[in-house]
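Heads up: the structure comes next, in structure tokens.
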Amino acid sequence: MAKIINVIKGTKDILPQDIEQWHRLEEKALEVFSKYGYKEIRTPIFEATELFARGVGDTTDIVNKEMYTFEKSERSLTLRPENTAGVVRSYIENGMSRLSAPVKLWYKGPMFRYERPQAGRQRQFHQVGVEMFGIKQPTADAEVILLAVNYLKSLGLNDLEVEINSLGCPKCREEYKRKIKEVLKPEFENLCEDCQNRYEKNPLRLLDCKVESCKAIFEKPEIQKVIQSDFICEECAAHYKELKSYLDKLEVPYVENKLLVRGLDYYNRTVFEIKSNNLGSQNAVCGGGRYDSLVRNLGGEDTPAVGWAMGMERLNSLLPEIEPKKLKAYIVSNYPTEAFSLAEEIRSFGFDVEFDLANKKFTKQLEKASKVAEYAVILGEDEIKNNEVSVKNLATSNQVTIKRNELKSHLL
RNA sequence: GCGCCUGUCGUCAAGCGGUUAAGACCUCGGAUUGUGGUUCCGAUAUGCAUGGGUUCGAAUCCCAUCAGGCGCCCCA
């Protein structure tokens, strides 16, 4: 036998027995997002590398070490590691800024990141997400969070924790970074290697370091004072406060987490995550926030925006297994020609039906029927002669013989 | 990219240096030539992720590679 070829590390087949879960995620997305006026958009799976370098940010891990990049015709192309940059590119390119704001878009599809696979983390994974353009008021942030929570509820996931934070605007954030660096300066030598790197590159990400010695440093009162201080400017604070008031009135439960810092460079003001305790260490199902400068950075007009993405594999692992759907009927017959036309007739009624293409023995066919179908429709010599069928309810064992033209109403 | 753990049939597994490589489920066939889901019989790994090594002898010990899991990093 020839050598078998395996799936690539970090990728997975989505098998027929799991597909109904995926359909459910996708159907609910369409249903729930439509209620809020979101339209689906599908952007290409690969884009110019520069889009992600400029969009996601070249200090991020995603861009620095996790992208699948390749050359073709002297162009550098990259498999999308996330979809916000692509959607923004499309928004600009297709002149959507001329549409009446807000422009509300949603997407689903595969993303690619070169990371070490583990539970809840694959190299090809799927996200479903929304992006809203053109509204700077915190009503947009609130709607987007509400939408996320309601989507999760529609899937039966009620007990997830929403965490929110405000990163401020570029101006107040710079000030905050400066203060953090200042207060940590005497401790610089005691920080772990990663934190020493982050000190220059992205001081905000120092804060949720998991290394015990760093944690201990951050516990010091003078450092806590800076971390806990409300560094954000008045405008940003008002924006954040208004968002919280909407969430309160909408009875969306949330907790504030001052250490919540999304790893993508484009976020400002509102950031949020939705977490589960049942996912192991990769515990975030949803992450998002506001990105008011991204559209401009990618060459569009100054346009405020908010959005989020959810990991569909992670959602699936939280959902209960779905029983596989049974066929409406399975035809039991040793007359293939007759079975073919009967099957077509039942399909024309709108029902799922199969029969035994291998024409096995009657008992085998009935056994198969009992496993896969609600009804066995028996078509033997007598039935054919009399233009009848016998219909057996496989759950109750009740069987009746009826005229062919009564079959549709009987199955209904 | 780093650290630790794991890898036996389609699936779940026993075996821990000498066995004919248990067992269960699934699948297929038969008991049962038009009445299933129960039951009973039978079939299915010259093979133990892959490649080397140690040994008289390896699924069992060692090394490498590949894959999976957990943690770190980061993120959905």
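Every chain is numbered from 1, with letters handed out A, B, ... down the list of sequences.
- Within 4.0 Å of Q17(A), counting heavy atoms only, lies no atom of the nucleic acid at all.
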Pick out the pairs of N or O atoms, protein on one side and nucleotides 39-43 of chain B on the other, that lie under 3.5 Å.
none

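- Ring pair F355(A)/F340(A): centre-to-centre distance below 6.0 Å.
- One P atom belongs to rG36(B), the other to rU44(B), and the distance between them is 28 Å to the nearest Å.
- Ring pair F33(A)/W106(A) is perpendicular by interplanar angle, where above 60° counts as perpendicular and below 30° as parallel.
- Taking the C1' atom of each, rG7(B) and rA43(B) are spaced 28 Å apart, rounded to whole Å.
- Among the heavy atoms of the strands lying under 4.0 Å from A309(A) are primed sugar atoms or P, OP1, OP2 only; no base atom is included.
- Within 4.0 Å of G10(A), counting heavy atoms only, lie sugar-phosphate atoms of the nucleic acid but no base atom.
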Legend entry - Where protein sits on nucleotides 3-9 of chain B, one letter per nucleotide: B base, S sugar-phosphate only, - none, heavy atoms under 4.0 Å: BB-----
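- Here rG7(B) is in the anti range [glycosidic angle more than 90° from 0].
- Residue-level contact check: G380(A) touches the bases, meaning some heavy atom is under 4.0 Å from a base atom.
- Both A395(A) and G311(A) lie close to RNA chain B; mapped to their nearest nucleotides by heavy-atom distance, the more 5′-ward contact belongs to A395(A).
- With a 6.0 Å cutoff to the six-membered ring centre and a 45° limit on the axis angle, K244(A) counts as a cation-pi contact of Y240(A).
- Of the candidate nucleotides rG37(B), rA76(B), rC70(B), rA76(B) has the atom nearest to the side chain of R314(A).
- Heavy atoms of E381(A) sit under 4.0 angstrom from at least one base atom.
- Here, rC25(B) and rG17(B) have their P atoms 30 Å apart, quoted to the whole Å.
- The base-pairing partner of rG3(B), taking Watson-Crick or G-U wobble contacts with both distances under 3.5 Å, is rC70(B).
- For Q118(A), the side-chain atoms get nearest to rC73(B) when compared with the rest of rG34(B), rC73(B), rA76(B).
- Note on A376(A): nothing from the nucleic acid sits closer than 4.0 angstrom, heavy atoms only.
- Scanning for side chain to side chain contact (heavy atoms under 4.5 Å, CB included) contacts around S370(A) gives L394(A), with sequence neighbours left out.
- Side-chain atoms of A119(A) lie closest to rC70(B) of the nucleotides rG36(B), rG69(B), rC70(B).
- Note on I378(A): a base of the nucleic acid sits closer than 4.0 angstrom, heavy atoms only.
- In the displayed structure, K35(A) atom NZ is contacted under 6.0 Å by at most 12 heavy atoms of other residues, nucleotides or ligands.
- Residue-level contact check: E82(A) touches neither bases nor backbone, having no heavy atom under 4.0 Å from any strand.
- Applying the salt bridge (charged side-chain N to carboxylate O under 4.0 Å, His left out) test to E354(A) and every residue at least two apart in sequence or in another chain returns nothing.
- How far CG of N334(A) is from CZ of F362(A): 8.0 Å, rounded to the nearest 0.5 Å.
- When the shell of 6.0 Å around CZ of R42(A) is examined, it contains 12 or fewer heavy atoms from other residues, nucleotides or ligands.
- Note that R123(A) lies in the cation-pi zone of Y114(A), set by a 6.0 Å cut-off to the ring centre and a 45° limit from the axis.
- Residues E383(A) and S390(A) have side chains that bring a donor and an acceptor to within less than 3.5 angstrom of each other.
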Check the interface with nucleotides 27-32 of chain B: list each N/O to N/O pair with the protein under 3.5 Å, or write none.
unit_1	atom_1	unit_2	atom_2	d
rG30(B)	OP1	K361(A)	NZ	2.8

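- The side chain of D382(A) lies closest to rG34(B), out of rC70(B), rG34(B), rA76(B).
- Between rU35(B) and K392(A), no contact under 4.0 Å exists linking OP1 or OP2 to a side-chain N or O.
- Nearer the 5' end of RNA chain B, as judged by each residue's closest nucleotide, is the contact made by F362(A), out of G287(A) and F362(A).
- Heavy atoms of G129(A) sit nowhere under 4.0 angstrom from any nucleic acid atom.
- Across the C1' atoms, rA22(B) and rU8(B) are found 12 Å apart, a figure rounded to whole Å.
- Relative ring orientation between Y176(A) and F231(A) is described as parallel, the plane-to-plane angle staying below 30° on a 0-90° scale split at 30° and 60°.
- Under the salt bridge (charged side-chain N to carboxylate O under 4.0 Å, His left out) criterion, K136(A) pairs with no residue, sequence neighbours left out.
- Residue Q365(A) places none of its side-chain N or O atoms closer than 4.0 Å to OP1 or OP2 of rG36(B).
- Open room surrounds CD1 on I8(A); 12 or fewer heavy atoms of other groups in view lie less than 6.0 Å from it.
- Atom name P, nucleotides rA76(B) and rA67(B): the rounded distance is 25 Å, in whole Å.
- Comment: E175(A) does not engage K177(A) in a salt bridge, judged by the lack of any side-chain N to carboxylate O separation of less than 4.0 angstrom.
- rC26(B) sits 32 Å from rU19(B) when the P atoms are compared, rounded to a whole Å.
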